[in-house]
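Each remark here refers to the structure printed beneath this line.
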Amino acid sequence: MPEYLTDASRLLGIVEERNAELAARRRGAGNRTGAGQPPAAHKSLNRAVVVASVGALEAFCEDLAIRARGHAPGALVGRPWYAIEGSRGIVQTPSSNNIAKLFWTYFHYDPRPDWELQVTCGWQELSGTGTNSRGTTTVYRGTAAAEALDAVVKVRHGFAHQDRANAPAKTPGLVDLTPTGKLSLQSHHAANSIRLVVQTAIQTVHGLSRHVPALSGKLRWKKA
(Lines give C-alpha, C1' and ligand atoms only; values in the text may rest on other atoms or scores of the structure.)
Protein backbone atom coordinates (compact mmCIF):
# COMPACT_ATOMS: atom_id res chain seq x y z
CA MET A 1 0.00 0.00 0.00
CA PRO A 2 2.74 2.60 0.71
CA GLU A 3 4.03 2.05 -2.83
CA TYR A 4 0.57 2.44 -4.36
CA LEU A 5 -0.01 5.63 -2.36
CA THR A 6 3.27 7.26 -3.37
CA ASP A 7 1.69 9.72 -5.81
CA ALA A 8 -1.16 10.62 -3.46
CA SER A 9 1.26 11.14 -0.56
CA ARG A 10 3.58 13.35 -2.58
CA LEU A 11 0.69 15.44 -3.84
CA LEU A 12 -0.65 15.83 -0.31
CA GLY A 13 2.80 16.96 0.82
CA ILE A 14 2.69 19.71 -1.81
CA VAL A 15 -0.80 20.71 -0.65
CA GLU A 16 0.27 21.00 2.97
CA GLU A 17 3.48 22.84 2.11
CA ARG A 18 1.63 25.41 -0.02
CA ASN A 19 -1.08 25.83 2.61
CA ALA A 20 1.57 26.56 5.25
CA GLU A 21 3.31 29.09 2.99
CA LEU A 22 0.00 30.81 2.15
CA ALA A 23 -1.02 31.03 5.80
CA ALA A 24 2.38 32.51 6.69
CA ARG A 25 2.06 35.17 3.98
CA ARG A 26 -1.44 36.06 5.17
CA ARG A 27 -0.30 36.39 8.77
CA GLY A 28 2.55 38.59 7.60
CA ALA A 29 -0.01 40.80 5.86
CA GLY A 30 -2.04 41.20 9.05
CA ASN A 31 -4.40 38.22 8.90
CA ARG A 32 -4.06 36.95 12.47
CA THR A 33 -5.19 33.37 11.76
CA GLY A 34 -3.86 33.07 8.22
CA ALA A 35 -7.20 31.63 7.12
CA GLY A 36 -8.93 32.38 3.84
CA GLN A 37 -10.11 30.98 0.54
CA PRO A 38 -7.39 28.92 -1.18
CA PRO A 39 -6.44 29.73 -4.79
CA ALA A 40 -7.59 27.56 -7.69
CA ALA A 41 -4.28 25.68 -7.86
CA HIS A 42 -4.83 24.35 -4.33
CA LYS A 43 -8.25 23.05 -5.27
CA SER A 44 -6.82 21.22 -8.26
CA LEU A 45 -4.17 19.60 -6.08
CA ASN A 46 -6.83 18.42 -3.62
CA ARG A 47 -8.66 16.77 -6.49
CA ALA A 48 -5.47 15.12 -7.71
CA VAL A 49 -4.86 13.59 -4.26
CA VAL A 50 -8.32 12.00 -4.29
CA VAL A 51 -7.89 10.65 -7.82
CA ALA A 52 -4.52 9.11 -6.87
CA SER A 53 -5.92 7.65 -3.63
CA VAL A 54 -8.76 5.88 -5.40
CA GLY A 55 -6.34 4.48 -7.96
CA ALA A 56 -4.19 3.14 -5.13
CA LEU A 57 -7.17 1.34 -3.59
CA GLU A 58 -8.01 -0.28 -6.92
CA ALA A 59 -4.45 -1.55 -7.36
CA PHE A 60 -4.22 -2.77 -3.76
CA CYS A 61 -7.45 -4.76 -3.84
CA GLU A 62 -6.50 -6.45 -7.10
CA ASP A 63 -3.03 -7.29 -5.79
CA LEU A 64 -4.41 -8.60 -2.49
CA ALA A 65 -6.83 -10.93 -4.28
CA ILE A 66 -4.09 -12.20 -6.60
CA ARG A 67 -1.70 -12.87 -3.73
CA ALA A 68 -4.28 -14.43 -1.42
CA ARG A 69 -5.93 -16.80 -3.89
CA GLY A 70 -2.80 -18.95 -3.97
CA HIS A 71 -3.40 -19.70 -0.26
CA ALA A 72 -7.13 -20.37 -0.45
CA PRO A 73 -8.39 -23.83 -1.47
CA GLY A 74 -10.79 -23.46 -4.38
CA ALA A 75 -9.82 -19.89 -5.19
CA LEU A 76 -7.59 -20.95 -8.07
CA VAL A 77 -10.48 -22.15 -10.20
CA GLY A 78 -10.32 -20.30 -13.49
CA ARG A 79 -12.98 -17.64 -13.97
CA PRO A 80 -12.29 -16.02 -17.36
CA TRP A 81 -15.51 -14.04 -17.08
CA TYR A 82 -14.18 -12.33 -13.95
CA ALA A 83 -10.62 -11.27 -14.55
CA ILE A 84 -8.65 -9.41 -11.89
CA GLU A 85 -5.71 -8.23 -13.97
CA GLY A 86 -5.50 -6.45 -17.30
CA SER A 87 -7.76 -4.05 -19.17
CA ARG A 88 -10.82 -6.14 -18.29
CA GLY A 89 -10.08 -6.30 -14.57
CA ILE A 90 -13.33 -6.15 -12.64
CA VAL A 91 -12.26 -3.46 -10.16
CA GLN A 92 -11.89 -0.68 -12.71
CA THR A 93 -14.01 1.31 -10.27
CA PRO A 94 -13.21 0.37 -6.63
CA SER A 95 -16.68 1.02 -5.26
CA SER A 96 -17.66 -0.84 -2.11
CA ASN A 97 -19.87 -3.14 -4.19
CA ASN A 98 -17.14 -3.97 -6.71
CA ILE A 99 -14.61 -4.65 -3.96
CA ALA A 100 -17.09 -6.93 -2.20
CA LYS A 101 -17.89 -8.68 -5.48
CA LEU A 102 -14.20 -9.33 -6.14
CA PHE A 103 -13.50 -10.92 -2.76
CA TRP A 104 -16.80 -12.79 -2.69
CA THR A 105 -16.15 -14.34 -6.09
CA TYR A 106 -12.82 -15.81 -5.08
CA PHE A 107 -13.11 -16.25 -1.31
CA HIS A 108 -16.81 -15.94 -0.39
CA TYR A 109 -15.77 -13.00 1.77
CA ASP A 110 -17.55 -9.63 2.00
CA PRO A 111 -15.21 -7.07 3.62
CA ARG A 112 -17.80 -4.33 4.14
CA PRO A 113 -18.98 -5.39 7.63
CA ASP A 114 -15.33 -5.19 8.81
CA TRP A 115 -14.88 -1.57 7.81
CA GLU A 116 -14.74 1.11 10.50
CA LEU A 117 -13.36 4.32 9.01
CA GLN A 118 -12.38 7.42 10.97
CA VAL A 119 -11.74 10.79 9.33
CA THR A 120 -11.12 14.35 10.51
CA CYS A 121 -13.70 17.01 9.74
CA GLY A 122 -14.93 20.46 10.70
CA TRP A 123 -17.76 21.17 13.11
CA GLN A 124 -19.59 22.93 10.28
CA GLU A 125 -19.66 19.68 8.29
CA LEU A 126 -21.22 17.73 11.16
CA SER A 127 -23.61 20.20 12.78
CA GLY A 128 -24.01 23.05 10.34
CA THR A 129 -22.48 25.53 12.80
CA GLY A 130 -18.97 26.48 13.84
CA THR A 131 -15.75 26.47 11.85
CA ASN A 132 -15.28 24.44 8.69
CA SER A 133 -11.60 23.80 9.32
CA ARG A 134 -10.69 20.40 10.69
CA GLY A 135 -11.37 20.27 14.41
CA THR A 136 -13.09 16.99 15.20
CA THR A 137 -13.50 13.44 13.88
CA THR A 138 -16.30 11.22 12.71
CA VAL A 139 -16.45 7.44 12.29
CA TYR A 140 -18.24 5.53 9.54
CA ARG A 141 -19.18 1.93 10.28
CA GLY A 142 -20.76 -0.87 8.25
CA THR A 143 -23.14 0.48 5.62
CA ALA A 144 -22.09 4.07 6.38
CA ALA A 145 -18.44 3.12 5.80
CA ALA A 146 -19.31 1.63 2.42
CA GLU A 147 -21.22 4.80 1.51
CA ALA A 148 -18.29 6.97 2.62
CA LEU A 149 -15.92 5.02 0.40
CA ASP A 150 -18.37 5.28 -2.49
CA ALA A 151 -18.52 9.05 -2.00
CA VAL A 152 -14.75 9.29 -2.52
CA VAL A 153 -14.93 7.06 -5.60
CA LYS A 154 -17.70 9.26 -7.00
CA VAL A 155 -15.57 12.34 -6.37
CA ARG A 156 -12.85 10.75 -8.46
CA HIS A 157 -15.32 9.96 -11.23
CA GLY A 158 -16.80 13.43 -11.07
CA PHE A 159 -13.42 14.99 -11.84
CA ALA A 160 -11.80 12.28 -13.96
CA HIS A 161 -14.82 11.52 -16.16
CA GLN A 162 -17.07 14.57 -15.67
CA ASP A 163 -19.71 12.14 -14.37
CA ARG A 164 -22.11 14.62 -12.80
CA ALA A 165 -25.04 12.19 -13.05
CA ASN A 166 -23.52 10.12 -10.23
CA ALA A 167 -22.22 12.96 -8.09
CA PRO A 168 -21.77 12.08 -4.40
CA ALA A 169 -23.88 13.44 -1.60
CA LYS A 170 -22.26 15.79 0.92
CA THR A 171 -20.21 13.55 3.21
CA PRO A 172 -18.53 15.07 6.32
CA GLY A 173 -14.75 14.83 6.12
CA LEU A 174 -14.75 13.63 2.52
CA VAL A 175 -16.65 15.96 0.20
CA ASP A 176 -18.69 19.12 0.43
CA LEU A 177 -21.08 20.70 -2.05
CA THR A 178 -21.42 24.34 -3.01
CA PRO A 179 -24.89 26.00 -2.92
CA THR A 180 -25.13 25.26 -6.66
CA GLY A 181 -24.35 21.56 -6.16
CA LYS A 182 -20.75 21.56 -7.38
CA LEU A 183 -18.14 19.38 -5.66
CA SER A 184 -15.99 21.21 -3.13
CA LEU A 185 -12.79 19.70 -1.72
CA GLN A 186 -10.61 21.15 1.02
CA SER A 187 -7.16 19.98 2.06
CA HIS A 188 -8.51 17.81 4.89
CA HIS A 189 -10.80 16.06 2.39
CA ALA A 190 -7.73 15.22 0.34
CA ALA A 191 -5.86 13.94 3.41
CA ASN A 192 -8.88 11.90 4.45
CA SER A 193 -9.03 10.15 1.08
CA ILE A 194 -5.61 8.67 1.89
CA ARG A 195 -6.69 7.81 5.46
CA LEU A 196 -9.80 6.10 4.12
CA VAL A 197 -7.82 3.98 1.68
CA VAL A 198 -5.26 2.93 4.30
CA GLN A 199 -7.92 1.95 6.83
CA THR A 200 -9.95 0.08 4.22
CA ALA A 201 -6.86 -1.81 3.11
CA ILE A 202 -5.74 -2.83 6.61
CA GLN A 203 -9.21 -3.90 7.74
CA THR A 204 -9.82 -5.86 4.53
CA VAL A 205 -6.56 -7.73 5.02
CA HIS A 206 -7.55 -8.51 8.61
CA GLY A 207 -10.99 -9.73 7.59
CA LEU A 208 -9.67 -11.85 4.74
CA SER A 209 -7.01 -13.39 6.97
CA ARG A 210 -9.71 -14.44 9.44
CA HIS A 211 -11.78 -15.88 6.61
CA VAL A 212 -8.96 -17.80 4.89
CA PRO A 213 -7.32 -20.07 7.51
CA ALA A 214 -4.02 -20.28 5.62
CA LEU A 215 -3.56 -16.51 5.99
CA SER A 216 -4.34 -16.16 9.69
CA GLY A 217 -1.90 -15.62 12.52
CA LYS A 218 0.73 -13.73 10.54
CA LEU A 219 -0.29 -10.10 10.86
CA ARG A 220 1.33 -7.50 13.12
CA TRP A 221 -1.56 -5.04 12.84
CA LYS A 222 -4.37 -4.54 15.30
CA LYS A 223 -7.69 -3.25 14.02
CA ALA A 224 -7.76 -0.39 16.51
Side-chain angles (χ1 to χ4, degrees), residues 1-22 38-67 84-100 102-103 111 115 117-121 125 134 137-138 140 145-164 166-177 182-205 221:
M1 177 53 75
E3 179 182 347
Y4 294 136
L5 279 171
T6 297
D7 288 341
S9 298
R10 287 174 176 170
L11 286 165
L12 181 61
I14 295 172
V15 169
E16 293 179 337
E17 181 179 327
R18 290 192 174 188
N19 282 344
E21 292 173 352
L22 179 59
H42 288 232
K43 298 177 182 179
S44 297
L45 283 169
N46 292 338
R47 297 174 184 179
V49 173
V50 174
V51 171
S53 296
V54 173
L57 180 61
E58 175 186 333
F60 176 83
C61 288
E62 292 171 347
D63 193 28
L64 176 60
I66 290 169
R67 290 170 180 265
I84 299 178
E85 300 173 279
S87 60
R88 295 188 178 183
I90 196 63
V91 194
Q92 293 294 331
T93 300
S95 66
S96 60
N97 186 62
N98 281 349
I99 291 174
L102 170 66
F103 288 106
W115 293 345
L117 310 174
Q118 178 174 300
V119 296
T120 62
C121 58
E125 293 180 277
R134 67 191 85 177
T137 60
T138 189
Y140 296 102
E147 292 172 350
L149 180 62
D150 289 342
V152 174
V153 173
K154 288 180 179 180
V155 167
R156 179 251 203 150
H157 265 55
F159 293 131
H161 304 293
Q162 297 300 309
D163 186 7
R164 292 185 174 85
N166 295 306
K170 178 178 179 179
T171 307
L174 299 171
V175 59
D176 202 355
L177 300 177
K182 292 182 179 180
L183 300 181
S184 174
L185 293 180
Q186 298 181 37
S187 59
H188 69 285
H189 296 144
N192 282 334
S193 71
I194 295 179
R195 295 187 181 103
L196 207 72
V197 167
V198 171
Q199 292 173 80
T200 300
I202 291 173
Q203 292 168 15
T204 299
V205 170
W221 296 95

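Keep in mind that what you see is a predicted model, and the values were worked out from it rather than measured.
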[X] to [Y] - nearest heavy-atom pair and separation:
X: Leu11; Y: Ala52; result: CD1-CB, 4.4 Å
X: Thr171; Y: Ala151; result: OG1-CB, 3.5 Å
X: Ala56; Y: Tyr4; result: CB-O, 3.4 Å
X: Val15; Y: Ser187; result: CG1-CB, 3.7 Å
X: Thr120; Y: His188; result: O-CD2, 3.7 Å
X: Val50; Y: Ala190; result: CG2-CA, 4.3 Å

Inter-residue atom distance [X].[atom1] - [Y].[atom2], 0.5 Å rounding:
X: Phe60; Y: Arg67; atom1: CZ; atom2: CZ; answer: 9.5 Å
X: Ile194; Y: Ser53; atom1: CD1; atom2: OG; answer: 4.5 Å
X: Leu117; Y: Gln203; atom1: CG; atom2: CD; answer: 5.5 Å
X: Ile99; Y: Thr200; atom1: CD1; atom2: OG1; answer: 7.0 Å
X: Leu149; Y: Gln199; atom1: CG; atom2: CD; answer: 11.0 Å
X: Leu196; Y: Tyr140; atom1: CG; atom2: OH; answer: 9.0 Å

Does the side chain of [X] reach to within under 4.5 Å of the side chain of [Y], using non-hydrogen atoms?
X: Val197; Y: Ser193; answer: no
X: Gln186; Y: Glu125; answer: no
X: His189; Y: Asp176; answer: yes
X: Pro94; Y: Val54; answer: yes
X: Val152; Y: Val175; answer: no

field: Donor-acceptor contact below 3.5 Å, side chain Asn46 vs main chain Leu185
entry: yes
task: Any chance you could lay out the side-chain contact (heavy atoms from CB on, under 4.5 Å) test for Leu174 and Val155, step after step, and finish with the verdict?
output: CA-CA 9 Å; Leu174 299 171; Val155 167; over 6 Å; no
field: Atom CD of Glu21: over 12 foreign heavy atoms under 6.0 Å
entry: yes
message: Side chains of Ser96 and Asp150: any donor to acceptor distance under 3.5 Å?
response: yes
- prompt: Does Arg18 have any side chain to side chain contact (heavy atoms under 4.5 Å, CB included) partners at least two apart in sequence or in another chain, and if so, which?
  reply: Ile14, Ala41, His42, Leu45
